[in-house]
Amino acid sequence: MWRLQLEVRHLEQRAHDLFLQNLIKGTSHLAVGQEAIAAGCATAMRPGDYTFCTYRGHAHTLVRGASMTGVLGELMGKECGLLQGKGGSMHLTDAEKGAMGSYAIIGAHLPIAAGAAWAAQYNKTGAVSFCFFGDGTTNIGAFHEALNFAVIWKLPVVFVCENNFYMEYTPIGEVTAVEHPAADRAGAYGLEPIIVDGNDADAVYRVARAAVDKAVAGDGPSLIEAETYRHYGHSRADPATYRPDKEVEEWMAKDPIPMYRSRLLEFGVPEKVVGDIEKSVLKAVNDATEEAKASPIPRDELALTDVWADGGSAWRN
Amino acid sequence: MWRLQLEVRHLEQRAHDLFLQNLIKGTSHLAVGQEAIAAGCATAMRPGDYTFCTYRGHAHTLVRGASMTGVLGELMGKECGLLQGKGGSMHLTDAEKGAMGSYAIIGAHLPIAAGAAWAAQYNKTGAVSFCFFGDGTTNIGAFHEALNFAVIWKLPVVFVCENNFYMEYTPIGEVTAVEHPAADRAGAYGLEPIIVDGNDADAVYRVARAAVDKAVAGDGPSLIEAETYRHYGHSRADPATYRPDKEVEEWMAKDPIPMYRSRLLEFGVPEKVVGDIEKSVLKAVNDATEEAKASPIPRDELALTDVWADGGSAWRN
Amino acid sequence: MAELTYREAVADAIAQEMERDDKVVFLGEDIAKAGGVFKTTVGLYDKFGPDRVRDTPISEQAILGAAMGAAMTGLRPIAEIMFSDFFAVCWDIVVNQIAKTRYMTGGQVTMPLVIRSANGGGVRFGAQHSQSIENWAMMIPGLKVIAPSTPADVKGLLAASIRDPDPVIFFEQKSLYGDKGEIPDGEHVDELGTAKVVRDGADAVIYALAAMVPRSIRAAERLEADLGIRASVVDVRSLVPLDTRTIFSEFRKSGRAFTVEENPRLCGWGAEISSLITEECFWDMDLPVTRITTPHIPLASADNLEDQMIPSVDRIYETVRAGLD
Amino acid sequence: MAELTYREAVADAIAQEMERDDKVVFLGEDIAKAGGVFKTTVGLYDKFGPDRVRDTPISEQAILGAAMGAAMTGLRPIAEIMFSDFFAVCWDIVVNQIAKTRYMTGGQVTMPLVIRSANGGGVRFGAQHSQSIENWAMMIPGLKVIAPSTPADVKGLLAASIRDPDPVIFFEQKSLYGDKGEIPDGEHVDELGTAKVVRDGADAVIYALAAMVPRSIRAAERLEADLGIRASVVDVRSLVPLDTRTIFSEFRKSGRAFTVEENPRLCGWGAEISSLITEECFWDMDLPVTRITTPHIPLASADNLEDQMIPSVDRIYETVRAGLD
Ligand SMILES: Cc1ncc(C[n+]2csc(CCOP(=O)(O)OP(=O)(O)O)c2C)c(N)n1
Ligand SMILES: Cc1ncc(C[n+]2csc(CCOP(=O)(O)OP(=O)(O)O)c2C)c(N)n1
Ligand SMILES: [Mg+2]
Ligand SMILES: [Mg+2]
């Protein structure tokens, strides 16, 4: 989990640097500060399980095993990108690894994740579907429909609300009728409220693991609220000046990376092992950066492929 | 309230008869059995308050004072109809009386009712907005969005869920994660759960009255679940064979009309007074039926009017 | 050949495909135990059981989201949206998710699903339950769009849609549900992307879809009987893929075309076909293409108002007659 | 005359109208304290306060439902849908409720509201944040549809939309937000339903909207400079009501028309204009109307892929040149 968290941290920092160099265009939503949730859940997942995430999805895609070059290449609009440059930052997908897509319209992927769980249930594959979304997402209709639907069909799906206390620039409390946007609504679907420290990868792992077990046992969905904080603004364009300094400071003190590092050392993992992992991750990110930079931009013809399963895009004969 | 309930009952029965004579086309959703909710709430409303209801809205429109001829005329597609024959059974509206429309897409009118409450709050008119919908409606996204929105803005709106235990032909329990589709979700919006016997007009009146007081006091919305039963099928096309005989019998025994009649007599209202009201309502329905029958069909030109506020429908110059 | 109604052909097609492939599953509101509000799916629940034929809550986004997620991971779902007007409450899942995901992911996922829906007016249901929205779907890249006019086409095209690896929006015209027609015996599978010349004629061509097809045929018959005008009628059947070959070849016979649409006037498929003909057959045009549509107005519910709005046999007859005058 | 950006003109128009009429209120996601994700509404919250400029949850159906309910009962709301792609999550409120309620109630209620939204591509946001959906709105009877191309038109047409008694869908093209232009001093209110001839020319006419207008003008300038071809450019501005008078009169000058659309190919407003011209100006047609559109494909995000899809100055230039050849 140490490695996973570091991979996310360094990859996201790199993405940030590449913006500043204008090598990444468009928008991008970093998960710096929220790594423990991605890492903890991915560790609880098994090969064959499904991940559905949002535009803030670099982390969730990476931790399922997507290649760093593929991720960075996609952000840079290169042909080596996971999506050949056709999707961009907000749509990272690696279906082979179970990363079934990043969805950029708030709420949409909750019912979609339920659908993958339905297929798993129908085909008795034992797969579990994980669905990640933010606090702000709990106020849109699709959230409500998906939760009710998943419960009545007892689908093996784990809904993980990453509560970073902001929907874009607006504090979640200003636009939400309850204090805990997900947990306080669990009861509306007959579910247990679950709140976990989203900056503690081990704690996240434990609740995620319990949710997987529940799903596999045929006992239906779980709704987990993991409290966390993003270190950067909402997206590339946002300097996040709307957040009180004190709040930022407090959360910075709870940065999951140093916290996890201390814990490892405390538990007797040698400093060298910890450091070597850091080094190897950094090297991997560096290598991937170079590879992505060296990759060509997508061939123009790619614009016209893969609308249909036959590989083409013809709407007429 | 006796009169209001009778008006609804007899008008709906008449609508039923007129179908059988093929004088009413299209579809129609009767509220026979659910009269006490419309009557109880209307009695708690004040002139200037708003009603938003569904395709099952003849009752709610009538009890605000819409003319019977206008209602029956609309069902029959006559020019005397409330909507000049342009809307039909599912869209009855009498804006002057505060009946702000019947909405035929599940869930849509919940946020719309919240909007009218917002205008009342902004303009400080003191008006309260009532919104009626069914148990099945609690599973659609718009329900969730409207409730959260109304609470955070503290809007003077009263949401009334008429739980008749069926969404069309499917028992509500089969498709809902909680037992009480509205009340068990009140907590998700920080609201009190309120369940009332929807066949008892007095009981409905009391909770509606309390909700009006709360709204007027600036304390925001309420969510009321009123349990009731429809005597006919979901719509004209439905013989309702999917309901267990015993369930139907039990509910028939709780028919709000005879119940209210007995209560009046018990409370010492003379039989003659009760009976006279019955007679006068029946006469009013008969008169309205004749008037509506005698009314001409809409002039053809009406098809082309009132798309725009200028009265016309031109999309070009 | 068995005679079935248009509504019966729906269940017939679904049963044929469910028998053939156990990855085909079906979900929607009141479609299982009750057999559908239009009685289009009677018997499927009894035959295929509660795992494959499932009633849902009133949660159209969940219905289509579930269909999409299942399609991406190995099933071939059929979802019902009861009235096509209700596409508006789940439009995001259709246009932003289902239509785009294959492309956005560089072809990583496939989306074999069908969304069936009752489309169109003429039954006095008012403006929120009567829309013809085939043009909404046609506008969206990534969707295939089918609208049959006969029971045989319902069966053959619905079966083909279920077998197709791409998302198909399948519009059943509700005013046709009671129509009867012969259906070929045994397995019947038609081909998407094909229009059909359903009546020959060298003086003009009428392009029509769904309920407008039988009306156009009747108008053409009367034009011939009354005035000797021989109009061919093309049942467009498939808006995406569009069979421009048949459309153009039929056009070139007369150089005089009319389109008959139930959807409202602006940006309908008639405009697309008219523009295509102008662009690609300009020098064969004898007359401008004339569109016959529902006016650009919500549909009214009273009998005489609604009847006046949707193109009628009389209006088609009159417009073609006047156009050729 | 002050010079403002296209984005600044938005807040300028809203401020002008909010000052004039205290029934004008404004709601949307992050529009108040943060001034909007595109910084189009900076300053309004400070000026008009939290009762009139209100941040909302991510609840597009609630946002538009609230706007509608308030419009029916005496306010004149402006609602923001952040990206036009998100209309898909609240499409029901737009098309089934807002567009139809006046008609369905026989004119009992009025719906003075504006929905503003950032439309279009070219900014590498990918297929779910880049659509040009003006054709979605144009298809729906009961909506007025506006899409300005300059800061002055943003101000004048947005002010006119706010004063209009009917629902207006107001598309701001996000690729234009940084464009600068002169804005008339003092109160500025334009007129809905009017197209504008923004460049004269007798050899051909190019109809364009929003971001396609400056591109068409540049293409026309190059056509004249390079080849002496004088093309006029019509900024359509208002899709509903559509200024067919200006469209036709400009067409008749040359008989040769091109439409330039950012929306994808099928059933766009270009098809509507092309069909209208064919229907009503057939005998003045020198050439078929040629449509230049984004292909019928979701938008890709990589620079070169996206640039190749949306009509460019080069493509417009080349198509007109080839067409007149
Ligand atoms: C339907 C819809 N509405 C609005 C947006 C714009 N938007 C993108 S992210 C975002 C905030 C989401 O907040 P939250 O769910 O808390 O996730 P976070 O970004 O904090 O991870 C908004 C409003 C969108 N993408 N989709
Ligand atoms: C979005 C949408 N989905 C489906 C329907 C079809 N439909 C009409 S009424 C109904 C059942 C509604 O049940 P409930 O809310 O309990 O109200 P009731 O009819 O029992 O009064 C359904 C599914 C609809 N009108 N709108
Ligand atoms: Mg958040
Ligand atoms: Mg019910």
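A, B, ... follow the sequence lines: proteins, then strands. Residue 1 opens every chain.
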With rounding to the nearest 0.5 angstrom, report the [atom1] to [atom2] distance, [X] to [Y].
{"X": "B:Arg316", "Y": "D:Glu280", "atom1": "CZ", "atom2": "CD", "answer": "4.0 Å"}
{"X": "D:Asp92", "Y": "B:Ile105", "atom1": "CG", "atom2": "CD1", "answer": "5.0 Å"}
{"X": "D:Ile93", "Y": "B:Ile112", "atom1": "CD1", "atom2": "CD1", "answer": "5.0 Å"}
{"X": "D:Ser238", "Y": "B:Asn317", "atom1": "OG", "atom2": "CG", "answer": "9.0 Å"}
{"X": "B:Trp153", "Y": "D:Leu27", "atom1": "CH2", "atom2": "CG", "answer": "4.5 Å"}
{"X": "D:Leu75", "Y": "B:Trp118", "atom1": "CG", "atom2": "CH2", "answer": "6.5 Å"}

Residues of residues 97-113 of chain D with any heavy atom under 4.5 Å of a heavy atom in chain B: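 The residues closer than 4.5 Å to chain B, in numerical order, are D:Gln97, D:Thr101, D:Arg102, D:Tyr103, D:Met104, D:Thr105, D:Gly106, D:Gly107, D:Gln108, D:Val109, D:Thr110.
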Those residues of residues 46-56 of chain D, ordered by number, that approach chain B below 4.5 Å (heavy atom to heavy atom):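 Contacts with chain B: D:Asp51, D:Arg52, D:Arg54, D:Asp55, D:Thr56.
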Other residues, nucleotides, ligands: >12 heavy atoms within 6.0 Å of B:Arg46 CZ: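 For B:Arg46, atom CZ is crowded (more than 12 foreign heavy atoms under 6.0 Å).
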CD/B:Glu192: more than 12 non-hydrogen atoms of other groups inside 6.0 Å: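 No - once you tally the heavy atoms of other residues, nucleotides and ligands closer than 6.0 Å, there are 12 at most.
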Under 4.5 Å from any heavy atom of chain D, what part of [X] do you find: side chain, backbone, both or neither?
{"X": "B:Ala303", "value": "both"}
{"X": "B:Gln121", "value": "side chain"}
{"X": "B:Thr305", "value": "backbone"}

In terms of heavy-atom pairs under 4.5 Å with chain D, which of [options] leads?
{"options": "B:Ala114, B:Gly141, B:Ser102, B:Ala108", "answer": "B:Ala108"}
{"options": "B:Ala146, B:Gly87, B:Ala142", "answer": "B:Ala142"}
{"options": "B:Asp94, B:Leu92, B:Leu302", "answer": "B:Asp94"}

Who among [options] has the most heavy-atom pairs with chain B under 4.5 Å?
{"options": "D:Gly74, D:Gly142, D:Cys90, D:Pro77", "result": "D:Gly142"}
{"options": "D:Asp22, D:Ile247, D:Thr244, D:Leu276", "result": "D:Thr244"}
{"options": "D:Pro57, D:Gly65, D:Pro167", "result": "D:Gly65"}
{"options": "D:Ser59, D:Gly193, D:Pro165", "result": "D:Ser59"}

Nearest non-hydrogen partners of D:Asp166 and B:Ala309, listed with the distance: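 Looks like OD1-N, 2.8 Å.
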